[in-house]
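Presented below is the structure to which this report refers.
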Amino acid sequence: AFVTPTIASASASASASASASASAAGETPPPPPPPSLDVEAIAAWVAERVAPHKKLRGGIVQVAAIPKSPSGKILRRVLRDEHGGGLLQK
């Protein structure tokens with residue numbers, strides 16, 4: 001029993017298709033981090049939500065902005081160079 005939804009307007013169809021594509025991927029957005037920028041609080045928040053092998057053992061470094069390429073990829077090499085290799089070690 002497949003039922004097609006009735007679309008009321010073009011703007012409703014655009015928002016409906018955008019939300020359907022986000023939910024079709026099967027991914028749910030992660031919960032927001034705590035409002036404070038305390039490094040210990042962030043580490044504790046992550047530690048209670050991830051598997052043991054994903055815990056932040058290397059530490060947390062605050063940066064002003066994450067460098068990205070024009071396509072939107074994070075430039076890990078630039079992060080390593082700017083922060084002395086302590087960040088994103090290979």
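Annotation: side chain of L79 is in contact with side chain of P67 (closest heavy-atom distance under 4.5 Å). With contacts defined as side-chain heavy-atom distances shorter than 4.5 Å, the pair V50/K55 qualifies.
Partner I66 forms a side chain to side chain contact (heavy atoms under 4.5 Å, CB included) with one of V78, L75, I74 and no other, that one being I74.
Remark: E82 CD to R77 CZ distance equals 10.0 Å, nearest 0.5 Å.
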